[in-house]
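Start at 1 with the first residue, then count along the sequence. No hydrogens, no waters, no symmetry mates; every other heavy atom, side chains included, goes into these values. Remember, predicted model here, so these are calculated numbers, not experimental data.
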Amino acid sequence: MLEDLQNILKYHFKNPQLLRQALTHSSHTTDVAQNYERLEFLGDRVLGLSIAALLYKIFPNEPEGSLSQRFVGLVCKETVAQMAQTLHLDRYMIVANEDIRSNENVLCDVCEAVIGAIFIDAGDEEAISFVDTHWKELIDKNVEPPKDSKTKLQEVAHSKGFPLPEYVVLSREGSEHEPIFHIAVKIGKLPPAVGTGRNKKLAQQAAASQMLERLK
């Protein structure tokens with residue numbers, strides 16, 4: 001089974017147990033030495049570094065702002081979850097409940113865990129090469145840098161005659177190394193929209209995205 005997946009990934013593990021761990025959800029086992037949680041922590045950082053390096057190389061003339069907009073779009077939960085489905089990771093996940101296979105958060109985590117597993121199995125060059133191989137097509141499809149949700153929301157608010165969006169930190173939870181932020185965006189007298197993310201920037205983007213959906 002894992003051999004077929006490795007063909008899809010275009011990477012073959014020296015230690016296939018690492019791939020199995022990357023596919024194992026905590027509903028199957030809470031043992032951190034056997035589920036994907038620690039590998040996801042690592043893979044998240046490797047993905048970010050890989051995408052940043054790739055964008056820096058591909059777009060030598062773009063300013064930091066444009067690179068940041070591209071970066072957010074390529075590492076966001078929705079994109080990484082989509083990549084997990086493209087690679088058919090949902091079919092190979094080891095879960096206690098079949099409904100988990102379609103959970104966007106879990107799909108994102110598993111994809112990052114696979115990247116972390118490759119990093120442990122073969123080092124940074126192979127992990128970065130994996131990201132380059134599978135994410136480059138997404139970059140090629142989007143020649144122009146995408147507008148991030150905060151920028152779009154500011155433009156929509158202005159076009160509708162609303163005041164500028166205001167972002168407020170509601171709470172922070174989790175550990176010092178893995179915080180989770182909850183941030184609300186307010187526009188005038190409209191009900192606030194709340195977003196969650198691993199840092200303030202991602203939480204603000206999530207909140208802006210929620211508000212944009214309402215304003216549609």
- Query: Hey, does Leu215 have a side-chain heavy atom less than 4.5 Å from the side chain of Leu153?
  - Reply: yes
- Message: Before you tell me yes or no, could you show the steps for Lys200 and Val169 under side chain to side chain contact (heavy atoms under 4.5 Å, CB included), namely the whole-Å CA-CA distance, both residues' side-chain angles and the distance that decides it to 0.1 Å?
- Response: CA-CA 8 Å; Lys200 290 182 181 179; Val169 177; 4.2 Å; yes
- Message: Using the side chain to side chain contact (heavy atoms under 4.5 Å, CB included) definition, which of the options Asp4, Ile8, Leu9 pairs with His88?
- Response: Ile8
- Message: Using side chain to side chain contact (heavy atoms under 4.5 Å, CB included), reason through Ile180 and Arg172 one step at a time and then give a plain yes or no.
- Response: CA-CA 6 Å; Ile180 298 293; Arg172 170 182 167 160; over 6 Å; no
- Query: Which atom pair, heavy atoms only, marks the closest approach of Leu42 to Gly116?
  - Reply: CD2-O, 3.8 Å
- Can you name the nearest heavy-atom pair linking Cys111 to Met83, along with the distance? SG-CG, 4.0 Å
- Derivation and outcome, salt bridge (charged side-chain N to carboxylate O under 4.0 Å, His left out), residues Glu155 and Lys152: CA-CA 5 Å; Glu155 291 176 351; Lys152 288 180 182 177; over 6 Å; no
- Message: Testing the basics here: between Ala122 and Tyr11, what is the closest heavy-atom pair and its distance to 0.1 Å?
- Response: CB-OH, 3.1 Å
- Message: Quick one about Asn7 and His12 (side-chain donor to acceptor, distance below 3.5 Å, no hydrogens or angles considered), yes or no?
- Response: yes
- Query: Does Glu104 reach the side chain of Glu78, with side-chain heavy atoms less than 4.5 Å apart?
  - Reply: yes
- Minimal non-hydrogen separation, Tyr36 against Ala22, with atom names: CB-O, 3.3 Å
- Steps toward salt bridge (charged side-chain N to carboxylate O under 4.0 Å, His left out) verdict (Asp31, Arg38): CA-CA 10 Å; Asp31 185 347; Arg38 283 170 53 84; over 6 Å; no
- Close side-chain approach of Glu173 to His182, heavy-atom, < 4.5 Å: yes
- Query: Among side-chain atoms of Lys150 and Gln204, is any donor-acceptor pair under 3.5 angstrom?
  - Reply: yes
- Query: Below 4.5 Å, heavy atoms only, C-beta onward: do Ile120 and Asn15 meet side chain to side chain?
  - Reply: no
- Message: Show the nearest heavy-atom pair for residues Gly73 and Thr79, with the distance to one decimal.
- Response: O-OG1, 2.5 Å
- Would you mind checking if Glu40 and Arg198 are paired as a salt bridge, meaning a charged N to carboxylate O distance below 4.0 Å? yes
- Would you say Leu212 and Ser149 make side-chain contact, with heavy atoms under 4.5 Å? yes
- Just how far is it from atom CH2 of Trp135 to atom CZ of Phe130, taken to the nearest 0.5 Å? 6.0 Å
- Task: For side chain to side chain contact (heavy atoms under 4.5 Å, CB included), just list the numbers for Ser102 and Asp90, CA-CA rounded to whole Å, side-chain angles, deciding distance to a tenth of an Å, and then say yes or no.
- Result: CA-CA 7 Å; Ser102 59; Asp90 50 331; over 6 Å; no
- Shortest non-hydrogen pair, Gln154 vs Leu164, comes out as CG-CD2, 3.7 Å
- If we only count heavy atoms from C-beta on, is the Leu39 to Gln21 side-chain gap below 4.5 Å? yes
- Message: So that I can tick it off, tell me whether Glu64 and Arg70 are bridged by a salt bridge, with the cut-off set at under 4.0 angstrom between side-chain N and carboxylate O.
- Response: no
- Got Leu23 and Leu2 here, is their nearest side-chain heavy-atom distance under 4.5 Å? yes
- Message: Run the side chain to side chain contact (heavy atoms under 4.5 Å, CB included) test on Leu202 and Phe181 for me, step by step, so that the C-alpha distance in whole Å, both residues' side-chain angles and the decisive distance to 0.1 Å come before the verdict.
- Response: CA-CA 9 Å; Leu202 290 176; Phe181 290 90; over 6 Å; no
- Is there a chain of hydrophobic side chains (I, L, V, M, F, W, Y, each step under 4.5 Å between heavy atoms) that links Phe41 to Ile128? no
